[in-house]
Amino acid sequence: MFLSLVGVLVLALLGTCIETARYTACAGSGTEILRTGTEALLTEYSRPLYDHYGLFFLENTGESYEKVIASYAGDGLKNSTGILDFLGGELESLQVAKKTLAGDEGAEALQKEITAYMERYVTGNMLKKFLKKMSLFSGSEEKAEQIEKTVDEEKEDKKLDERILRLMQLVDGVRISRSGSVSVGEYFAKKFTTKKEFTGSDFGVQEATVWNAMKRRINSSPAKWKDRDSDILIKIQNVREKTEEAIAEGERLRRDYAGGKHSDMAARVIQGLPSLEGNRRVLKRSEEILRDHSLEEKEKRRMLKSVWEDYDTSSLSFDYSGVESAGGEDASPLKALGDAIGGGLLHLVCTKEVSKKGIKKEDHYAKYYKQETGEKVDCSDRVEKLTRDEEAKLGGVLGEVGSYAMEEFSLDEYITKIFPSYLEEKQGEKPGLTEGFPEASNGSGNPGETPEGTQKEWKRALDYGWEYVVSGKKSDEDNLESVLSRILLLRTVTNFAAIIADGSKRAEAFAAAVAVVGFTGLTFLIRFTQTLILIAWSFVESMTDVAALLMKKHVPLVKTSKQIKTTFAEIFLLTKEAITGRAARYEDEKKSSFGYREYLLVFMAMTPAAISRYRVMDLIDSDMKKNGYDGFSIGKCAFDLEVEAGFCFPCRFFRLPGVSRILNRNPEGYGYHCKIRAGYL
């Protein structure tokens, strides 16, 4: 009896130990079964995405992930209820608790895939060389800011000369258009004369062109009051108002002059300003006399004659020299530049046909994830500001680099490898995946499946993928225009430094400024116009540079004055033939050249990495839809999964009759819960 009792206890203890060991084995088996099922699901990656872009992502095809994992997991569970089935159990629950989509966290999953793929292509030495090239642009923003500051300061200074121009209109009535024509308004401060015979000298006007236009507006009623016209009172009132406006403008001129600014003409004008106040008193007293009905006509004439003896038309005078030689607006490079580039930059610099392709939505994923895409550079807008608003906006082209390391470099190199650009066509190819990757399939997305057994050409929604990553606009045309605009603005800054350093070029610009403005005495206005002309010259030279880059020519990153291809006369030759003709003078591109591709890489480096990744996703989505995968969305593709599962394993040794009686219980089984994470890297 004692031995039987001890034997049962030993048997129970042995069963417990075995069952515990079995439980541990079942737990490990359950975890592995769950991992195997999840990884089996990951083998169903999007095949077209892999074939054409080298990326592993799990596409949501409609069937739930849980159902697919459960199906694979079921094959690993032992369903037999035999006593020797030590690892048999059942899957009671399964849930995908969390999944990382391609666009989550700034599209970091996409970055990991790209970095892993590009490890075979990029090296640290390549990154160092690129960073060295990019350093050549250090200081570019500072130079642009200095140019803008110079223009702003000169624009502020020229306000003094603008006040003089305004006084010319108020005092002499003279308006000189940019075309060089002279006109005189109906009313102005010097409209009246007390002389029956008068000349330009009586009004301080020596220039014949101006005097011929002005003398037709002079009123001589104060010289013969007995013959005065019936509207003389109204005319005097209008002239008085112009005189008062001139006095106010003169006070502003005096204030600006006192602020330390000076002009050759300003000092003489300021000396003559007191005559306006005397004339205003004459005009005001004349109004009072003419309105006084108690005075006899003879007495009025006597009083008016006495009052008008103080009317002064010669003390305040302006320098109109240079009016006859004014070239006017048509002689201005600013106008030529504005007219030419108003229709866009592409028709002036592109020698081959520009793609007309476009997509429905730009920056779709960036907007979905609420990423700030920043201001998009528009050269046409900058040129318009220069020619119309006299504002030089050359900065803000590069932006900030931030941390640029191997990951970001791999991303940019991936973009240039996989997607086409204006100069690097990849239409119809298996882009970038010809080394070590299987051929593309036009199938349903399942590995190895190719409907109809044919190989289709991979179509592109946009032919200029690089440019889209940089610019983020809807059409190839707009993206290319934006990129070329940025290159143009960068080149303008460096070319301006070369042009302004040349004394002969500065002299040509000064002569043109004198011709355009028309008044050699307006120093600040001439200087400001000269600066704008030099900037316009730099713009035109930069258009030649851009055309040369598109022709794969060697364009020095920083030029000397001798390397400037555009002469002053050629600033007005803004046709495609003229620009591309000058561009053809450059040597062919060398291995060391900083070409179109390098500019694009610099712009990509300046683009926030998250924005670049989201734009890559835009391109992939658009391409997939273009090739018939209408329901595809990389934004819904998973990179890794966190899966939870619950298993139930039946008891084996605890259910032996002897053990059950000793334990006084009859357990059917026990549960096990586990969590695993599986992904592509």
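All values below were derived from every heavy atom in this structure, side-chain atoms included, with hydrogens, water molecules and symmetry-related copies excluded. If you're wondering where the values come from, they're calculated on a predicted model, not measured in any experiment. The residues of the chain are indexed from 1 along the displayed sequence.
- No more than 12 heavy atoms of other residues, nucleotides or ligands lie within 6.0 Å of NZ in K284, so this atom counts as exposed by the packing criterion.
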Validation: residues 536-543 side-chain donor-acceptor distances under 3.5 Å, sequence neighbours left out:
residue	atom	partner	partner atom	Å
W537	NE1	T566	O	3.0
S538	OG	F496	N	3.4
S538	OG	L534	O	2.9
E541	OE1	K565	N	3.1
E541	OE1	T566	N	2.8
E541	OE1	T566	OG1	2.7
E541	OE2	K559	NZ	2.4
E541	OE2	K565	N	3.0
S542	OG	R491	O	3.4
S542	OG	T492	N	3.0
S542	OG	T492	OG1	3.2
S542	OG	N495	ND2	3.0
S542	OG	S538	O	2.7

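- Between the side chain of K190 and the backbone N or O of G173 there is no donor-acceptor pair closer than 3.5 Å.
- Distance alone, capped at 3.5 Å, is enough to place a donor-acceptor pair between the T575 side chain and the A578 backbone.
- Under the 6.0 Å distance and 45° angle rule, K474 does not count as a cation-pi partner of Y468.
- Using a 3.5 Å distance cut-off with no hydrogens or angles, the side chains of S471 and S482 do pair a donor with an acceptor.
- Not counting sequence neighbours, the partners of K367 by the side chain to side chain contact (heavy atoms under 4.5 Å, CB included) test are E362, D363.
- Taking the ring pair (Phe, Tyr, Trp, His ring centres under 6.0 Å) definition, one finds that Y599 meets it with F137, F594, sequence neighbours left out.
- Comment: E467 does not engage K473 in a salt bridge, judged by the lack of any side-chain N to carboxylate O separation of less than 4.0 angstrom.
- Tested against E245, the residues R252, R166, R163 include a single salt bridge (Lys or Arg N to Asp or Glu O under 4.0 Å) partner, R166.
- Residues meeting the salt bridge (charged side-chain N to carboxylate O under 4.0 Å, His left out) test with E297, sequence neighbours left out: R228.
- Salt bridge annotation for K159-D256: absent, with no cationic side-chain nitrogen under 4.0 angstrom from a carboxylate oxygen.
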(Q) Using the rule given for side-chain contact (heavy atoms from CB on, under 4.5 Å), can you reason through L490 versus I487, listing the C-alpha separation, both sets of side-chain angles and the distance that settles it, and then say yes or no? (A) CA-CA 5 Å; L490 270 178; I487 298 175; 5.7 Å; no
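- Taking the charged nitrogens against the carboxylate oxygens, E288 and R291 have no contact shorter than 4.0 Å, which rules out a salt bridge.
- Contact between W308 and T194 at its shortest, heavy atoms only, is O-CG2, 3.5 Å.
- Remark: F603 engages no residue in a ring pair (Phe, Tyr, Trp, His ring centres under 6.0 Å) (not counting sequence neighbours).
- By the salt bridge (charged side-chain N to carboxylate O under 4.0 Å, His left out) test, K562 is found to be paired with no residue, residues two or more places apart in sequence or in another chain being considered.
- E153 meets the salt bridge (charged side-chain N to carboxylate O under 4.0 Å, His left out) test with no other residue; sequence neighbours excluded.
- S317 and V269 get closest at one heavy-atom pair: O-CG2, 4.0 Å.
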Q: Please step through side chain to side chain donor-acceptor pair (under 3.5 Å) for the pair Y422 and D476, ending with a clear verdict.
A: CA-CA 9 Å; Y422 179 74; D476 279 331; over 6 Å; no
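- For the residue pair D172 / Y320, a side-chain donor-acceptor distance below 3.5 Å is found, with atom types taken as modelled.
- Salt bridge present: E277 and R280 bring a charged side-chain N and a carboxylate O closer than 4.0 Å.
- When the side chain to side chain contact (heavy atoms under 4.5 Å, CB included) test is applied to Q206, the partners found at least two apart in sequence or on another chain are S201.
- Listed by chain and residue number, V493 satisfy the side chain to side chain contact (heavy atoms under 4.5 Å, CB included) test with K143 (two or more places apart in sequence, or in another chain).
- Residues N219 and T193 form no side-chain contact, since every pair of their non-hydrogen atoms from C-beta on lies 4.5 Å or further apart.
- Taking R527 as the reference, nothing meets the salt bridge (charged side-chain N to carboxylate O under 4.0 Å, His left out) condition, with sequence neighbours excluded.
- The salt bridge (charged side-chain N to carboxylate O under 4.0 Å, His left out) pairs that include a residue from residues 572-583 number zero, where partners must be two or more places apart or lie in different chains.
- Under 4.0 Å is where a charged nitrogen must lie from a carboxylate oxygen, and between E244 and R240 at least one such pair does.
- With sequence neighbours left out, S475 forms a side chain to side chain contact (heavy atoms under 4.5 Å, CB included) with E477, D478.
- Looking at F568 and I533, their side chains come closer than 4.5 Å, going by heavy atoms from C-beta outward.
- A cation-pi geometry, defined here as NZ or CZ lying under 6.0 Å from the six-membered ring centre and within 45° of its normal, does not hold between K196 and F198.
- The environment of NZ in K235 is crowded: more than 12 heavy-atom neighbours from other residues, nucleotides or ligands sit within 6.0 Å.
- For the pair F188 and R217, the minimum side-chain heavy-atom distance is below 4.5 Å.
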